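Since the structure comes first, as structure tokens, the remarks are kept for the end.
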There are 2 protein chains.
Amino acid sequence: MLHDPAQLDLMFQALADPARRQMVDRLSRGPASVSQLAEPLAMSLSAVVQHLNLLEASGLVRTQKVGRVRTCQIEPKALRAAEHWINERRLSWERRLDRLGDFLAES
Amino acid sequence: MLHDPAQLDLMFQALADPARRQMVDRLSRGPASVSQLAEPLAMSLSAVVQHLNLLEASGLVRTQKVGRVRTCQIEPKALRAAEHWINERRLSWERRLDRLGDFLAES
DNA sequence: GAAATAGTTAAGTAAATGCTTCAGTGTTAC
DNA sequence: GTAACACTGAAGCATTTACTTAACTATTTC
């Protein structure tokens with residue numbers, strides 16, 4: 001579910017926007033309401049809600065509404081999935097380099 | 001230089017596109033020419049070059065031209081920078097959860 | 001129950017993105 | 001020297017994106 005390419009697509013797409021990364025950054029320091037997320041951003045609350053909906057659709061953020069306040073949290077599992085995708089490619093490359101080094105050392 | 005927010009922006013933006021991630025994936029298994037990168041993709045060579053230019057501008061891929069062939073490689077340092085950004089946020093969140101757990105355990 | 005608060009939704013718009021085609025350039029093979 | 005090859009660049013176009021404003025729906029507060 002988390003490695004499904006469509007979800008991965010949504011996650012990387014979500015992380016591509018600076019405002020959304022700023023929101024993730026804020027949330028990494030603890031939960032926040034929509035207004036709290038919006039506060040440091042130079043855009044309308046409406047725009048923030050739209051970004052937030054993308055973040056939620058991507059699985060990176062989970063929200064729950066109590067009364068009139070929507071509280072947002074990071075979903076570390078999703079972050080880990082994105083992290084993992086990058087990590088695997090980097091390691092694959094680095095292992096290849098190691099094997100090449102071994103081969104050259106032997107000759 | 002790698003943690004400069006503008007560069008990070010370019011990297012995440014580059015990773016947001018499925019075709020570009022497929023190119024990175026291919027390159028993680030070893031260097032490739034532009035045509036080799038293009039081969040599995042259902043688009044014109046010209047489109048692939050445009051994607052490649054973005055990847056290069058983001059620092060994720062380095063290329064060098066010998067004769068008429070441009071050979072492309074992954075730049076693991078850049079991948080590591082993106083990885084690191086995500087990792088820091090996730091850890092920050094998880095550490096917070098740990099502290100919260102400790103606090104609740106004490107009471 | 002009226003007013004303030006917190007968020008939501010829809011419609012519109014300007015700019016960015018991901019292509020395409022076509023007309024090149026430089027390189028290598030014959 | 002000419003033909004094939006491996007790209008490159010510009011122009012154009014359809015779609016998507018990141019907003020805006022304005023009208024609206026719940027909840028609290030007083």
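All chains are named by letter (A, B, ...) in the order of the sequence lines, taking the proteins before the strands, and each is independently numbered beginning at 1. Since this is a predicted model, take the numbers as computed values, not measurements. These values consider heavy atoms only, across backbone and side chains, with no hydrogens, waters or symmetry-generated copies.
Counting only heavy atoms from C-beta outward, the side chains of A:Pro40 and A:Gln22 approach each other to under 4.5 Å. Inter-residue side-chain proximity for B:Leu52 and B:Val61 is flagged as met; some heavy-atom pair is nearer than 4.5 Å. You'll find the side chain of B:Val24 reaches within 4.5 Å of the side chain of B:Leu55, heavy atoms only. Between A:Val48 and A:His51 the shortest side-chain heavy-atom distance does not fall below 4.5 Å. Contact check for A:Arg96 versus B:Pro31: side-chain heavy atoms found under the 4.5 Å cut-off.
A cation-pi geometry, defined here as NZ or CZ lying under 6.0 Å from the six-membered ring centre and within 45° of its normal, does not hold between B:Arg90 and B:Trp93.
The side chain of B:Leu45 sits closest to D:dT8 out of D:dT8, D:dC19, C:dC19.
Regarding A:Gln36, its CD atom lies at a distance of 14 Å from the C1' atom of C:dT5, rounded to whole Å. Between the CD atom of A:Gln64 and the C1' atom of C:dA6 there is a distance of 16 Å, given to the nearest Å. At whole-Å resolution of the value, CE in A:Met43 and P in D:dC19 are 4 Å apart. Across the protein-nucleic acid pair, B:Leu10 atom CG and C:dA16 atom P stand 14 Å apart, rounded to whole Å. The CG atom of A:Asp17 sits 17 Å away from the P atom of C:dA15 (whole-angstrom rounding). Spacing between atom CZ of B:Arg70 and atom P of C:dT27 amounts to 15 Å, rounded to whole angstrom units.
Here salt bridge (charged side-chain N to carboxylate O under 4.0 Å, His left out) pairs that include residues 33-58 of chain A, with residues two or more places apart or in two chains, are A:Glu56-A:Arg70. The salt bridge (charged side-chain N to carboxylate O under 4.0 Å, His left out) contacts involving residues 13-24 of chain A comprise A:Arg21-B:Asp9, where partners must be two or more places apart or lie in separate chains.
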Distances for protein N/O vs nucleotides 25-30 of chain D N/O pairs under 3.5 angstrom?
{"from": "D:dT27", "atom 1": "O2", "to": "A:Arg68", "atom 2": "NH1", "distance (Å)": "2.9"}

When you compare the protein's N or O atoms with those of nucleotides 14-16 of chain D, which come within less than 3.5 Å of each other, and at what distance?
none

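Taking only side-chain nitrogens and oxygens, A:Lys65 comes nearer than 4.0 Å to OP1 or OP2 of C:dT8.
Nearer to the 5' terminus of DNA chain D, by closest-nucleotide assignment, is the contact made by B:Val34 (compared with the other of A:Arg20 and B:Val34).
Of all heavy-atom pairs between A:Ala16 and B:Gln13, the closest is CB-CA, 3.9 Å.
A:Gln50 meets the side chain to side chain contact (heavy atoms under 4.5 Å, CB included) test with A:Ser46; sequence neighbours excluded.
A chain of hydrophobic side-chain contacts below 4.5 Å, direct or via other Ile, Leu, Val, Met, Phe, Trp or Tyr residues, connects B:Leu45 to B:Met23.
The stretch residues 46-56 of chain B comes close to DNA chain C through B:Ser46, B:Ala47, B:Gln50, B:His51, each having a heavy atom under 4.0 Å from the strand.
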